[in-house]
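Okay, structure first, notes after.
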Amino acid sequence: MKNSLFLTLLLSSLLVSGCAEPPLVIGQPAASTDSQQVAIYYIDRPKCNFETLAHIRVTGGYFSLKSMLAKMQKQAAGVGADGLYVLHTQQLDVKEYLGTAKAIRCLPA
């Protein structure tokens, strides 16, 4: 009985936390930044010339698009990005989203 309750709670917490693959780093990462300082480019393309630092993919367990984007923003900050260029988002179910984005760093003009 205790084991099944523990297993149920464990699986529930994993679903709520969502699944995020580690970013696929393709550029030269920099020191981590504050995730609140990472700009999100969701509809419009970034106005700066930029380099891609990493590709980010997250799926499932997010209660809202906002919470999924916050997870992506945190991952982008982890590789030193100053921007998150969202490529795709999709709501699969009431509490399940998936998305892909690029962690980017604007280049000096």
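Counting from 1, the numbers follow the sequence of the chain as shown.
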Side chains of H88 and L98: does their closest heavy-atom pair fall under 4.5 Å?
-> yes
Q91 side-chain N/O to D93 backbone N/O, donor-acceptor pair under 3.5 Å = yes
Looking at residues at least two apart in the chain, or sitting in another chain, which of them share a ring pair (Phe, Tyr, Trp, His ring centres under 6.0 Å) with Y41?
-> none
Report the C-alpha distance between T89 and L65 in whole Å, list the side-chain angles of each, state the deciding distance to 0.1 Å, and finish with yes or no for side chain to side chain contact (heavy atoms under 4.5 Å, CB included).
-> CA-CA 8 Å; T89 62; L65 179 62; 3.8 Å; yes
Residues in side-chain contact (heavy atoms from CB on, under 4.5 Å) with S64, at least two apart?
-> K66, S67
Who passes side-chain contact (heavy atoms from CB on, under 4.5 Å) against L87, sequence neighbours left out?
-> Y85, T100, K102
To the nearest 0.5 Å, tell me how far C48 SG sits from R105 CZ.
-> 11.5 Å
Looking only at heavy atoms, what is the nearest atom pair of V79 and A103, with distance?
-> CG2-CB, 3.9 Å
Tell me, yes or no, whether the heavy-atom count around D34 atom CG, taken from other residues, nucleotides or ligands under 6.0 Å, exceeds 12.
-> yes
Examine distances only and state if a side-chain atom of Q73 and a backbone atom of V38 form a donor-acceptor pair shorter than 3.5 Å.
-> yes
Is M72 reachable from I104 through a run of hydrophobic residues whose side-chain heavy atoms are each under 4.5 Å from the next?
-> no
Can you tell me how far CE of M68 sits from CD of E96, rounded to the nearest 0.5 angstrom?
-> 11.0 Å
Donor-acceptor contact below 3.5 Å, side chain D82 vs main chain C106 = yes
Would Q75 and L84 count as a side chain to side chain contact (heavy atoms under 4.5 Å, CB included) if you check the C-alpha gap in whole Å, the side-chain angles of each, and the deciding distance to 0.1 Å?
-> CA-CA 9 Å; Q75 287 191 340; L84 178 71; over 6 Å; no
V58 with I40, same ILVMFWY side-chain cluster at under 4.5 Å | yes
Are I56 and L69 in one and the same hydrophobic cluster, where Ile, Leu, Val, Met, Phe, Trp and Tyr link if side-chain heavy atoms are under 4.5 Å apart?
-> yes
